[in-house]
Q: 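Quick one: the structure is below, and I'll ask about it shortly.
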Amino acid sequence: MPELPEVETIRRELEPLLVGRRIDRVAVHRHDIVGFPDADVFVRMAAGHTVTRLARRGKYLILELDRERDLVIHLRLSGHLEVVGPNVTPRYERARFALSDGRALSFAEPRVLGKVYLVMRSHYPAVLAGMQGMGQEPTGAGFTPRYLADALRGRRASVKSLLLDQRICCGVGNIYSDEALFRAGIRPTRRAGRLSPVEVRRLARELRRVLDDGIRWCGTTMADARYVLPNGARGRFQERLRVFGREGRHCRRPGCSGTVRRVKIGNRGTRFCPVCQK
DNA sequence: CTTGTGTCCTGTAGGC
DNA sequence: TGCCTACAGGACACAA
């Protein structure tokens with residue numbers, strides 16, 4: 001679930017609660033939540049470190065620890081992080097990090113698809129190779145129209161599926177790819193390599209803008225409330241969605257009589273306005 | 001190398 | 001109410 005804006009929001013919320021705290025004890029309730037190293041080693045090695053900084057790369061949240069170690073967390077579809085009191089155990093808690101201030105960082109993940117990793121900063125293991133191959137941060141200075149044009153040139157795949165490719169646009173997921181394509185006026189089914197230079201430029205700009213907006217509004221909390229901030233508050237970007245989750249409803253662009261449609265692209269639900277998006 | 005499909009795992013919503 | 005199926009915002013392995 002959480003995409004770049006949601007993970008960035010979580011990072012900002014957790015940073016003041018975690019930096020300077022030491023991880024005193026680690027408990028893993030489900031071993032398959034640990035991506036690296038083996039769960040028992042993870043439990044032993046993660047304890048005793050102090051959090052120095054929180055970073056993010058794509059959808060990965062990185063708790064930088066002392067002694068050159070990183071605690072890397074990926075929330076996948078339904079992961080949730082929360083700082084709780086010593087006697088509070090959130091539902092679906094899979095791992096728990098007791099902190100030196102008496103509280104604990106709780107990692108809940110109903111679907112057990114999310115993962116935690118403990119790695120040496122200088123030596124990211126093969127299990128995190130996907131992170132090494134990641135492309136430019138779409139909100140960063142390196143994400144230029146030129147960069148996107150180079151990445152899309154000659155590609156026959158749909159532009160939607162390439163927006164979801166973390167090697168090109170890291171941090172982008174299903175919500176913000178649909179929203180960016182709507183804002184850029186481009187149908188998600190278009191072959192990426194067939195976009196005009198003007199369209200690519202527009203797409204690069206709108207992708208950046210929609211992600212910045214998502215961050216500004218603290219992410220998207222849909223009706224199921226699978227994503228909420230660490231403090232339990234809801235994001236507010238859902239109020240500003242133009243197509244995602246709006247299939248069958250009228251397009252929000254003033255004067256447009258179109259109805260938002262839903263199709264499948266690469267097994268992912270995809271929404272667009274057939275009038276606004278060419 | 002590129003592209004599309006299936007799978008991981010669990011919970012929930014909707015149909016009957 | 002109960003059972004069954006389809007589906008879910010991600011990432012990766014794998015086959016063609």
Side-chain angles (χ1 to χ4, degrees), chain A residues 1-10 29-36 56-61 72-81 90-95 107-117 125-135 150-181 188-194 210-211 214 217-229 234-235 237-238 240-248 262-271:
Chain A
M1 158 206 358
E3 305 179 28
L4 188 156
E6 288 75 29
V7 179
E8 178 60 23
T9 300
I10 292 166
H29 315 315
R30 280 285 297 253
H31 282 194
D32 39 358
I33 212 77
V34 180
F36 184 88
R56 179 189 58 74
R57 183 83 173 95
K59 299 169 195 167
Y60 289 91
L61 181 69
V72 180
I73 302 174
H74 199 302
L75 301 171
R76 289 284 188 108
L77 291 172
S78 54
H80 173 70
L81 290 167
R91 200 176 176 201
Y92 306 120
E93 181 179 87
R94 307 302 188 193
F107 177 36
E109 164 55 309
R111 288 173 71 173
V112 208
L113 291 170
K115 288 265 190 288
V116 295
Y117 310 83
V127 286
L128 274 164
M131 190 168 169
Q132 304 293 61
M134 272 193 314
D150 286 346
L152 303 187
R153 183 170 303 121
R155 302 288 300 263
R156 296 182 311 118
S158 67
V159 58
K160 156 93 172 193
S161 63
L162 292 193
L163 285 184
L164 292 176
D165 187 336
Q166 303 299 294
R167 292 166 298 185
I168 298 175
C169 308
C170 72
V172 176
N174 216 20
I175 297 176
Y176 296 93
S177 58
D178 280 4
E179 293 296 310
L181 286 164
T189 47
R190 292 273 300 280
R191 290 186 189 274
R194 303 290 290 272
V210 77
L211 293 168
W217 296 99
C218 296
T220 302
T221 301
M222 302 298 285
D224 57 28
R226 253 202 293 230
Y227 160 76
V228 293
L229 308 207
R234 301 170 67 90
F237 193 66
Q238 63 280 2
R240 286 161 179 80
L241 296 174
R242 312 278 174 78
V243 286
F244 189 88
R246 298 195 69 252
E247 49 267 37
R262 180 194 156 110
V263 295
K264 282 228 166 199
I265 297 179
N267 248 340
R268 315 299 301 280
T270 299
R271 292 82 172 171

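By convention in this document, chain letters (A, B, ...) are assigned in the order of the sequence lines, proteins followed by strands, and residues within each chain are numbered from 1.
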Q: Among B/dC9, B/dT12, B/dG6, which is the nearest nucleotide to the side chain of A/Val112?
A: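 Looking only at side-chain atoms, A/Val112 lies closest to B/dC9.
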Q: What distance separates A/Glu93 CD from A/His29 NE2, expressed to the nearest 0.5 Å?
A: 3.5 Å
Q: With C1' as the reference atom in both, quote the distance from B/dT12 to C/dA11 in angstrom, rounded to an integer.
A: 22 Å
Q: How about CZ on A/Arg167, more than 12 heavy atoms from neighbouring residues, nucleotides or ligands closer than 6.0 Å, or not?
A: no
Q: How far does the P atom of B/dT5 sit from the matching atom of C/dC7, given to the nearest Å?
A: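 Straight-line distance between the two P atoms is 15 Å.
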Q: Tell me which of A/Ile175 and A/Leu128 sits closer to the 5' end of DNA chain C, going by the nucleotide each one is nearest to.
A: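 Taking each residue's closest nucleotide, the earlier one in sequence belongs to A/Ile175.
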Q: DNA chain B: stems of at least 3 consecutive Watson-Crick or G-U pairs, cut-off 3.5 Å?
A: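 Stem list for DNA chain B: B:2-8 with C:10-16, B:10-16 with C:2-8.
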Q: CZ of A/Arg111 versus P of B/dG11: gap in Å, rounded?
A: 10 Å
Q: For A/Arg94, answer base if it contacts any base atom (sugar-phosphate contacts may also be present), sugar-phosphate if it contacts only those atoms, and nothing otherwise; contact means non-hydrogen atoms under 4.0 Å.
A: nothing
Q: Looking at every strand, decide which applies to A/Ser78 at a 4.0 Å heavy-atom threshold: base, sugar-phosphate, or nothing.
A: nothing
Q: Write down the distance between NE2 (A/His31) and P (B/dC9), rounded to a whole number of angstrom.
A: 16 Å
Q: If you round to the nearest 0.5 Å, how far is OG of A/Ser158 from CZ of A/Arg191?
A: 9.0 Å
Q: Looking at A/His74, does any N or O in its side chain come under 4.0 Å of the phosphate oxygens OP1/OP2 on C/dA11?
A: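 For A/His74, the contact criterion (side-chain N or O under 4.0 Å from OP1 or OP2 of C/dA11) is met.
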Q: Separation of A/Arg76 atom CZ from B/dC8 atom P, in whole Å?
A: 13 Å
Q: Taking only N and O in the side chain of A/Arg156, is any of them less than 4.0 Å away from OP1 or OP2 of B/dT2?
A: no
Q: Please check if any side-chain donor atom of A/Glu6 sits under 3.5 Å from a side-chain acceptor atom of A/Tyr176, or the reverse.
A: yes
Q: Starting at the 5' end of DNA chain B, which residue's closest nucleotide do you reach first, A/Asn267 or A/Leu162?
A: A/Leu162
Q: Can you give me the closest heavy-atom contact between A/Met134 and A/Cys170, atom names plus distance?
A: SD-CB, 3.6 Å
Q: Using a strict 4.0 Å threshold on nitrogen-to-oxygen distance, state whether A/Glu8 and A/Arg56 make a salt bridge.
A: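 Between A/Arg56 and A/Glu8 there is a salt bridge, with a charged N closer than 4.0 Å to a carboxylate O.
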Q: Select base, sugar-phosphate, or nothing to describe what A/Lys115 touches, counting heavy atoms under 4.0 Å on all strands.
A: nothing
Q: Looking only at non-hydrogen atoms, find the nearest pair between A/Pro110 and A/Ser78 and report the distance.
A: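 Minimum heavy-atom contact is CD-O, 3.3 Å.
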Q: If you only use heavy atoms from C-beta on, which nucleotide in C/dA11, B/dT3, B/dC9 is closest to the side chain of A/Lys59?
A: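 Looking only at heavy atoms from C-beta outward on A/Lys59, the closest nucleotide is C/dA11.
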Q: Touch check for A/Arg226, heavy atoms < 4.0 angstrom, all strands: base, sugar-phosphate only, or nothing?
A: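 Base, at least one base atom sits under 4.0 Å.
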Q: Rounded to the nearest angstrom, tell me the gap between atom CG in A/Leu4 and atom P in C/dA11.
A: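 About 11 Å, once rounded to whole Å.
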Q: Where is the tightest heavy-atom contact between A/Arg268 and A/Leu164, given as atom of each residue plus distance?
A: NH1-CD1, 3.8 Å
Q: Can you tell me how far P of B/dT3 sits from CD1 of A/Ile168, to the nearest Å?
A: 9 Å
Q: Does A/Tyr92 reach a base, just sugar-phosphate, or nothing at all? Heavy atoms under 4.0 Å.
A: sugar-phosphate
Q: Which nucleotide in the list B/dT3, C/dG10, B/dT10 gets nearest to the side chain of A/Ala157?
A: B/dT3
Q: Would you kindly compare A/Pro110 and A/Ser158 by the position of their nearest DNA chain B nucleotide and give the one closer to the 5′ end?
A: A/Ser158
Q: Can you check the A/Arg167 CZ to C/dA13 C1' distance for me, whole Å?
A: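 One finds 12 Å between C1' of C/dA13 and CZ of A/Arg167, rounded.
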Q: Atom CG in A/Leu81, atom CG in A/Leu229: separation rounded to 0.5 Å?
A: 12.0 Å
Q: Measure CD/A/Gln166 against P/C/dA11 and give the value in whole Å, please.
A: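 Those two atoms, CD and P, are 4 Å apart.
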Q: Using the P atom as the point on both nucleotides, what is the distance between C/dC3 and B/dC9, in whole Å?
A: 24 Å
Q: Rounded to whole angstrom units, what separation is found between the CZ atom of A/Arg153 and the P atom of B/dC1?
A: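 Whole-Å distance recorded here is 19 Å.
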Q: When you get a sec, tell me which of B/dT10, B/dG4, C/dG10 is the closest nucleotide to the side chain of A/Glu3?
A: C/dG10
Q: With respect to the side chain of A/Tyr60, which nucleotide from C/dG10, C/dC12, B/dT10 is positioned closest?
A: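 Selected nucleotide (nearest to the side chain): C/dC12.
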